[in-house]
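Please read these numbers as outputs of a predicted model, since none were measured by experiment. Below, chains carry the letters A, B, ... as their sequence lines are ordered, and counting in each starts from 1.
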Amino acid sequence: MFERAMTTDTTFDLKATVNLPRTGFAQKANLTQREPERLARWNHIDLYSEIRRARAGRPLFVLHDGPPYANSDIHIGTAMNKILKDFIVKSHAMMGYDAPYVPGYDCHGLPIENYVDKKLGAKKSQMSPVSIRRACREHAAQALKRQTRDFQRLGVLGEWDDPYLTMSNAYEAETARLFGHFVERGYVYKGARPVYWCIHDQTALAEAEVEYREHTSPSIYVKFPLPEDQVRELARRLAETDKEASAALLADLGGKPFFVLIWTTTPWTLPANLGIAVNPRFDYAAMDVGKEVYIVANDLVEAVSEKCGLRMNTFYCEPRVVARFRGSALEGLQARHAWIDRPSLLMTGEYVTLGGESDAETELDVADAQKKGTGKAGTGCVHTAPGHGHDDFLSGQKYRAQLAAVYDQLREAGALPGQMEGAEVYCPVDNAGRFSSEIEGFAGQQVFEANKNIVDFLRDTGALVFTEDYAHRYPHCWRCHQPVIFRVTPQWFISMDTPSKEVREYSSDSLREGALREVERVRWIPAWGRERMSGMFKGRPDWCVSRQRVWGVPITVFYCSDCGETILDAEVIEHVAGVFERETADAWYAREAEYLLPDGFACPACKGTNFTKETDILDVWFDSGSSSLAVLARERSLPWPADIYIEGPDQYRGWFNSSLMVGLAAHDQAPYKMVITHGWTVDGEGKAMHKSTGNAISPNEVIKESGAEILRLWVASSDYTEDVRLSNEILKRLVDAYRKLRNTARFALGNLFDFDPERDRVPETEMWEIDRWAMAASREVSRKVVDAYKNFDYTSVYHALYNYSTVTLSAIYFDILKDRLYTFAPESEGRRSAQTALYEIVDCLARLLAPILAFTADEIWENIPGSREASVHLAEFPEAVEREGDKELLEAWRRLFEVRSTVQKTLEEKRNEKVIGASLEARVILRASGATFELLEKYEDLLLAIFIVSQVELHWTEAQERNLYGELRVEVEHASGTKCERCWNWSESVGEDASYPTLDARCIRQVKKGWGER
RNA sequence: GCCCCUGUGGUGUAAACGGCAACACAGCAGGCUUAUAACCUGCAAGCACCGGAUUAGUGCGCGAUCCGGGUUCGAAUCCCGGCGGGGGCACCA
């Protein structure tokens, strides 16, 4: 192993007696090439399973993976998410936990279906749902394959060959079963909700399927009468705060009819009008236009007068504002419908804005029109048809009680066919967009065609104040390019407030109660997560789980063909789930109802045996929300709830949310004990990364450029509780940092080339004191780092290890050690002592770095002498205990290094004066007093090594002299004697021994010891 | 419109509790040529004082904590108000 120190005769090879470092651990990392090789090796030895095996029987620590959407390639945010998960899993394995990691993929849903739609084009309409689903399944499978490859490339260990897929048989079956839990508890109901509806294709459209195009609608201003008793009520209300306005109203009331003036661009929605919304905070005005009084928003009095030409109508005066009052004063009053004999309730809504917005479904378009300078339109009084608009619908819900009488009337008239009591919404338009029969005068007309007729009718009856054509952007169907309408259709909901039926082990809690309770029990990092989550549940409406799509888990409900009875039954669902288990949920489309239902099933209402199947599928959030139960509890026999969820902040409304719902439905409990949220990735300036802004950095590019290790180091160095910055400059810094860490390890490894821990290890008590100091320092940093890992604080891990490597090791300890390592006889006590310390240090360093620098730590590990686990990831963290005397040692040496730093400053001065070059050319003269003198005297023998100089003199001196650093005075002059050719120390002893004319006494001793007499 | 998070040298990050703003990189000036595409050291403004002068030393205010106020003996930290960035809700693409 050693080169021969002595050549055969005359030449004495001095160089060969210097123990320079040797190692196969290359200085150049060459990560882009070496990482894949290491991955292959891990794969080969099945490292993940090995780790699980090594920890079998130990306490479990379960991080449950939030499934990324199996659509596009991974981006920097998903990469960070996976790397953080890997930190958690690897570090917990090294803490001694059995820490499984089952990655998953979210496979159902609209984006995939849309993608497939586009690919299939016109063909899709001819395809059966089963074939479409097959195409979606295929697409998801391909995308997740690519993602898997990319995730693995990051160095993330897990069950990659068997991830969980929300589209697998078992998973789809469990999703259906979990829906059954909601059913069993009585949380599920069918209600109504407004959706985009294409009357041409006769289908609901998702938002993503709507495109906005230019469209011309009739803009109309319509009078809704406000009866005398209602005006009196308004005056009575105002009397409390504003007697004048009140009196003025009453005065005007003599003979003049009052109207609320509304504006809309969708005349066809007027038959469905049930109310008028005003903003409670805005001022409204009663405006006398001569023979009539109109109520409009105060700020729009002029605009409306102008637009409707109201000045022309009254030859003797301008419109006169009779009274002003808050919108809130109108709430609850009953205007009359413009022509139908029923009340139109005055409602308040914050969504009502000035400047023209009227119908909810065209609000956007008006704003758009304004930008274009089309001018103001609207009255501040918004015609509200709960069946035809989003805000309208919500207002309809809000005022359900006040509208009850109207609904009773409609129901009696047969205008609410087949709707569920309590959840009914008036929507007199059928699938084809035709008015239903009770709409007098317009029954059977298609809504867009009816527009003109309605306007004419309004003009004839005198309700119309003004009309004009109005060009704006209006939603159209992306497939047939026809304008769409807003229409309420039946949807399945999960109720937030219905108390649970008391069946099985369930509590009687409503989902909202349960959620608010569980949120308190979960640990949230950062802590504001709790607030955010509970705020979310306090306000959230019932969960609409229906999607009118194909690619997902069907809502497993049947309808009796004979009597229309809805079969919403957990036992039936359980049976269907059994079929899914065998055939996937495709069975819902491929099989007849009879096959899916239990044998001999008959309608509980009419005993009929013919059934149709529900066509809606479940919201994808329901799928992924089922994951903890489908995966942990069902598929993999892991404990539930999980110890930890960690995702981006978008998951508060997403996965964290739906998972909690499902956990509550099944077990009255949150599926997680702890939830960590990490920030978004942003660019160097803190701006969001977008493909369109061009500041996005793709993980695959970074890997190609610098290696996955750099990405991992980036994640570790960043504070993930905030937004995380990434730029090329940051990456450059990280490459530097990486190099520093790598070289630090390399030095230690290089100096262990002849060290066999079994044979050469020196017991700690017999080590040199500085080496014992180094051992204590290593333990100190281990404690700090392991602690940080326990707190998921990887930034502290990074900084602790980085500072330790650069300062403690590289700048101080290793520098001091060089002389001893290189010039002492190989097997001398002093060298072995140093090597023992290096051995411990690099062993600790590899373990502590392993979760972060997964590749490099393993490479270090392989280069440490001695027998050890096949991979550092199989090892555990160093035992982080403080030993007797560590504290004192660290303190004493801290002070010695302060002196060292002072000495170095003086050395630098002399270097600038050209008195010395290398520090070994120096003689240091120390004059000290007090405690400093005592300390230096105690360590006098070691001062040469500590300062890395050739000669040191220590004198006791009184303080108060020039050149004082506290109680220490440092002088530096050139060392005496001659430079030893071997160790470069300067010494008077060089030349004393004629056999070694160029060596100093110390080297001669070491050479004789190590390589024998000459 | 409302709410939450965030802002420290050129760059990246530190600094329980309010207590000397630290580390590294980059930059500058050097050293070493035995970690060598490595490693090591030093350096970040001013005024006054001391002093023949240089090196060094002393005192003061000041400082890179986004800006402006406030609380405090003392603020990066706590409070209020702005500005920039990010996100959420509502709404919209």
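- Base-pair partner of B:rA22: B:rU13 (Watson-Crick or G-U wobble, both distances under 3.5 Å).
- Side-chain nitrogen and oxygen atoms of A:Gln27 include at least one within less than 4.0 Å of the OP1 or OP2 phosphate oxygen of B:rU36.
- The salt bridge (Lys or Arg N to Asp or Glu O under 4.0 Å) check on A:Arg911 picks up A:Glu908, with sequence neighbours excluded.
- If you measure from atom CG of A:Leu920 to atom P of B:rU41, you get 14 Å, rounded to the nearest angstrom.
- Taking the ring-ring contact (aromatic ring centres under 6.0 Å, His included) definition, one finds that A:Phe537 meets it with nothing, sequence neighbours left out.
- In this structure, CZ of A:Phe393 is placed 13 Å from P of B:rC91, rounded to the nearest angstrom.
- Among the protein residues, A:Asn743 comes within range of the nucleic acid bases, having at least one heavy atom under 4.0 Å from a base atom.
- Between A:Arg1002 and A:Ser987, the side chains place no donor N or O within less than 3.5 Å of an acceptor N or O (distance only, hydrogens not considered).
- For A:Arg894, the side chain to side chain donor-acceptor pair (under 3.5 Å) test picks out A:Glu891, A:Glu898, with sequence neighbours left out.
- Across all strands, A:Arg982 comes closer than 4.0 Å to base atoms (heavy-atom distances).
- Pair assignment for B:rG1: B:rC89, on the basis of Watson-Crick or G-U wobble contacts that are both within less than 3.5 Å.
- B:rC3 atom P lies 17 Å from atom CH2 of A:Trp528, rounded to whole Å.
- Side chain of A:Ile730, nearest nucleotide from B:rC89, B:rC39, B:rG12: B:rG12.
- As judged by a 4.0 angstrom heavy-atom cut-off over every strand, A:Arg733 is placed among the base-contacting residues.
- Checking B:rG27 for Watson-Crick or G-U wobble geometry (two distances, each under 3.5 Å) identifies B:rC43 as its partner.
- The residue A:Lys732 sits apart from the nucleic acid: no heavy atom pair falls under 4.0 Å.
- Using a 4.0 Å cut-off between charged nitrogen and carboxylate oxygen, A:Asp650 and A:Arg653 do not count as a salt-bridge pair.
- Among the nucleotides B:rU36, B:rC23, B:rG42, the one closest to the side chain of A:Val807 is B:rC23.
- The side chain of A:Ser810 lies closest to B:rA35, out of B:rU41, B:rU36, B:rA35.
- Nucleotide B:rG84 forms a pair with B:rU6, judged by Watson-Crick or G-U wobble geometry with both contacts under 3.5 Å.
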Go through the steps to decide whether A:Tyr652 and A:Thr677 satisfy the test side chain to side chain donor-acceptor pair (under 3.5 Å), and finish with yes or no. CA-CA 9 Å; A:Tyr652 279 98; A:Thr677 316; 2.7 Å; yes
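- Residue-level contact check: A:Tyr802 touches the backbone only, with heavy atoms under 4.0 Å from sugar-phosphate atoms and none from bases.
- Residue pairs that meet the salt bridge (charged side-chain N to carboxylate O under 4.0 Å, His left out) test with at least one member in residues 735-747 of chain A, sequence neighbours left out, are A:Asp736-A:Arg739, A:Arg742-A:Glu859.
- One interatomic measurement links the two molecules: CG of A:Asn728 to P of B:rG10, which rounds to 21 Å at whole-angstrom precision.
- Between A:Arg653 and B:rC89 there is a side-chain N or O to OP1 or OP2 distance below 4.0 Å.
- With B:rG12, B:rA14, B:rC39 as the choices, the nucleotide that has an atom nearest any side-chain atom of A:Arg725 turns out to be B:rG12.
- OP1 and OP2 of B:rA35 both lie 4.0 Å or more from every side-chain N or O belonging to A:Arg739.
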Check nucleotides 30-32 of chain B for protein N or O atoms closer than 3.5 Å to its own N or O atoms and list the pairs.
{"unit_1": "B:rG31", "atom_1": "O2'", "unit_2": "A:Gly917", "atom_2": "O", "d": "3.1"}

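- Qualifying side chain to side chain donor-acceptor pair (under 3.5 Å) partners for A:Asn863, counting only residues two or more places apart in sequence or in other chains: none.
- Closest-nucleotide positions on RNA chain B for A:Ser901 and A:Thr744 were compared, and the one nearer the 5' end corresponds to A:Thr744.
- Closest approach to the A:Lys905 side chain among B:rA35, B:rC43, B:rA14 is made by B:rC43 (side chain taken as heavy atoms from C-beta onward).
- As a whole-Å value, the separation of A:Met80 CE from B:rG86 C1' is 13 Å.
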